[in-house]
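Report on one structure; see the data block that follows.
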Amino acid sequence: MKILENLNEKQREAVLKTEGPVMAIAGAGSGKTSVLTRRIAHLIFDKSIPYQNILAITFTNKAANEMKERVETLTGIYAKDMWISTFHSMCSRILRKHIEQLGYKKTFQIIDDQDTEQLIKSLLKKNNYDIKMFNPRQLKSLILKTKANPDYLEGIEEPVKSVVKEITSKYTNYLFESNLVDFDDLLLLTIRLFKENTQLKKYYNDLFKYVLVDEFQDTNNVQYTLVKELVGAHNNLFIVGDEDQSIYAFRGANIENINKFKKDFPDYHIILLEQNYRSTNVILQAANSVIKNNRSRIEKSLYSTKKDGEKITYYKGVTARDEVEYIATTIRKKVRKGYDYNDFAILYRSNATSRQFEEVFMQKQIPYRIKGNTSFFKRKEIKDFTAYLRFIINPNDVFSFMRIVRVPRRGIGQKTIEKLIDYAAENDLLLDEAINSSENCLSTRRSNKLKDFSHLIETFKEDLSNLSFNEFVDQVLDKSGYVTMLKKDDKGDVRYENLMEFKSYLAENETLYKKLDKEEMLVYILEDVSLKSEETAEDIEDAVSLMTLHSAKGLEFKEVFLVTVEMNMFPLGRSMSDPREIEEERRLMYVGMTRAKDKLYITNANMRQTWGETRHNLDSPFFLEIPKEYIEEEGYNKLISRSTQPKVNANSKRKTFLNKRKSNLDDYEENDLNKGDKVSHAKFGDGVVISIVGDQCVIAFKKPHGIKKLMKNHPSIKKK
DNA sequence: AGGTCTTTCCTTTTT
DNA sequence: GGAAAGACCT
């Protein structure tokens, strides 16, 4: 039978054990997606379960799409009809049907994180809070946590506590009044729906006879609650996870959920998938030796059936530019030897790194694709335009109104808007009502400007039902004056092109949803736009992939470049004072390394510009945790170790410095340092040794020094 | 109101 | 170094 073909014993077990709670611990590259998709196929074909009764939840759209595709090939069922989706789009799908029960309108719109922050900021200002004192970004995180769990408030200290309390309630009301939901609301409202309507809950419990959750280690508390609500009395819950790949703690992912699962589903069955099919032995061993430095983990023994393979190449560039050029040249060379550009991926810690690669690759004409970065749908012009669309659908969407009423400028300013909003609030009017009677609070001239704007939107509404999307978009852009505005903007050309791309995106969807009326159609499309932040970038067939480590999860490439592997970049500077964050960064390193099938490169640079300042970062402690036997060095480090005589001349200061370090080392007395030892340092004071690798050690000093990587035998370190 | 000059903050990571 | 918010001018 095709479904079980090429599976090992454990994988087979994970596919066949369909009844009751099952937890599969799936190490990197252990064929997790295969197991998930084949399990679905097995349920459908061998167990004759109608596909509607299966719910598969993933975290990212990418994962959902991949699963859909693979299930489609395996079963021949049109995956669009199946419940294979992210947490958020699943909830959105449920809410579109039932949200009216909670007092929202069916046409609710989803606002993204940026919008949330923006909104919180304006609420703070409006309530006369100094945003220097109450940082909107920090407040946002507190407010969202409080919204998800009101108990959270108790842990906050005054005076922040009362601000959070006040703004949380204002924020929630604002969203409700404007018929908006944020990402968390999608989950929270779904849970509320199930709690308030047991019949509905029962309906979904009966519908979803089999529930599968991918990347379980990344679930947060709300998601866990939702999963529990979704699983009915049948208890057919299958979770797949790997705590070594938990990289979303920053947004509330809670590894503890694995233990909660054990408690809540005591008769669970556990399956360990430890055989790695992806990487060479060298890569896997190296990755294991990094991840084993994490304390909070269950020991796993991943093994590879592949050969040892090539050593990991380490390249230290003289500058960041040099690092990038080395990679470009290496890829070039290999492509000439017959590799495809598709074989390569460049993984970085933060999005900002991509820019340098873009520059060099463009110049050297190396085709590349960037995942993420400023997602197409988050660009200013696209957000402006979607705000127009949202306001056309919902004339009481204050948030969208505020975004577009002055873009382009039309004689309505900040003060006018404030007066209007206040007037609406005082008299308990909806936005459109307030505009219609705005002569009561504003001069006739201003009031007329507002009414003109309102009429403009009215005409758009008519255009929407009468015209094709192609014509409609042109009308909106033209009559709103947006095109004229772009003509004066130096980036106007690019922005216009993006809008045209968005136009064809809409037109494509016009055929997809042709059963619906135009407004409904738009509601669905806008939902897609909010949830699937995917780049609609033209698919270049053969290109190098550039992406963050986070978005690389779940993917694999023949050859992987892990770049900027140096202190402050990876691990990020700010994470270094918290051991839990260090561990998360280390897991990120582990995820990155295990993306590579055949060959791994680790690169960094001796000197790089950050915020317009030149900085020298030391090697990342994670790199130092890889045993030397797995590494071969290239770049100037290699040259240094070869040169026997230190030469002093103008352009070899660096070499000299390193050589000096090396030679001085011989004179030092050996410090017998071990992990956990308390030490004192001549300059940094007291500290604790976090790890020792080779002749270097990582020590955590008291604030403000933080974590430093130092030569183990340096005379300024004294063991206590 | 709106344009221009100046200052500030910044970089995690995603739905 | 660069985007975005704020200050200042017309």
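In the text below, chain A, chain B and the rest are named by the order of the sequence lines, each starting its count at 1. Any value given below was found using the heavy atoms of this structure, including those in side chains, with hydrogens, waters and symmetry copies removed.
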Starting at [atom1] of [X] and ending at [atom2] of [N], how long is that distance when rounded to a whole Å?
| X | N | atom1 | atom2 | result |
| --- | --- | --- | --- | --- |
| A:Arg137 | B:dT12 | CZ | C1' | 10 Å |
| A:Arg379 | C:dA4 | CZ | P | 13 Å |
| A:Phe59 | B:dT15 | CZ | P | 11 Å |
| A:Leu144 | B:dT15 | CG | C1' | 12 Å |
| A:Ile247 | B:dT14 | CD1 | P | 9 Å |
| A:Lys121 | B:dC10 | NZ | P | 11 Å |
| A:Asn351 | B:dT11 | CG | P | 12 Å |
| A:Phe250 | B:dT11 | CZ | P | 13 Å |

Could you check whether [X] gets within reach of a base, just the sugar-phosphate, or nothing at all, counting any heavy atom under 4.0 Å?
| X | answer |
| --- | --- |
| A:Tyr248 | sugar-phosphate |
| A:Ile110 | nothing |
| A:Lys380 | nothing |
| A:Arg410 | sugar-phosphate |
| A:Arg446 | sugar-phosphate |

- Query: Can you find a donor-acceptor N/O pair under 3.5 angstrom joining the side chain of A:Arg349 to the base of B:dT11?
  - Reply: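 No such pair is found, so the answer is no.
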Quick check for you: among [options], whose closest atom lies nearest to any side-chain atom of [X]?
| X | options | result |
| --- | --- | --- |
| A:Glu585 | C:dG6, B:dT12, B:dT14 | B:dT12 |
| A:His550 | B:dT15, B:dT11, B:dT14 | B:dT14 |
| A:Glu581 | B:dT12, B:dT15, B:dT14 | B:dT12 |
| A:Arg409 | B:dT11, B:dG3, B:dT15 | B:dG3 |
| A:Lys132 | B:dC9, B:dT11, B:dT14 | B:dC9 |
| A:Thr60 | B:dT13, B:dT11, B:dT15 | B:dT15 |

- Item | Ring-face cation contact, A:Phe108 with A:Arg96, 6.0 Å cut, 45° max | yes
- Message: Distance to the ring centre below 6.0 angstrom and angle to the axis at most 45 degrees; does that hold for A:Arg251 and A:Tyr248?
- Response: yes
- Query: Who is the Watson-Crick or G-U wobble partner of B:dG2, with both distances under 3.5 Å?
  - Reply: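 B:dG2 is paired with C:dC9.
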- Task: Using both distances under 3.5 Å as the test, list the Watson-Crick or G-U wobble partner of B:dT12, or none.
- Result: none
- Message: Under 4.0 Å between a side-chain nitrogen and a carboxylate oxygen: does that hold for A:Glu418 and A:Lys126?
- Response: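 A:Lys126 and A:Glu418: not salt-bridged.
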- Message: Please determine whether a side-chain nitrogen of the Lys or Arg among A:Arg297 and A:Glu583 lies less than 4.0 Å from a carboxylate oxygen of the Asp or Glu.
- Response: no
- Query: Where each residue is assigned the nucleotide of DNA chain B containing its nearest heavy atom, which of A:His88 and A:Lys415 is assigned the position nearer the 5′ end?
  - Reply: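 It is A:Lys415, whose closest nucleotide lies nearer the 5' terminus.
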- Task: By nearest nucleotide on DNA chain B, pick out whichever of A:Ile417 and A:Asp113 is the more 5' one.
- Result: A:Ile417
- Message: I'd like to check, for A:Trp611, whether its ring lies over the base of B:dC10 with centroids under 5.5 Å apart and a plane angle smaller than 30°.
- Response: yes
- Give a yes/no answer on whether the side chain of A:Thr610 brings an N or O atom under 4.0 Å of OP1 or OP2 in C:dG1.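 Checking C:dG1 against A:Thr610, no side-chain N or O comes under 4.0 Å of OP1 or OP2.
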- Query: Any donor-acceptor pair under 3.5 Å linking the side chain of A:Thr116 with the backbone of A:Asp112?
  - Reply: yes
- Item | Residue of the set A:Asp182, A:Thr172, A:Asp184, A:Thr168 for which side chain to side chain donor-acceptor pair (under 3.5 Å) holds with A:Lys147 | A:Asp182
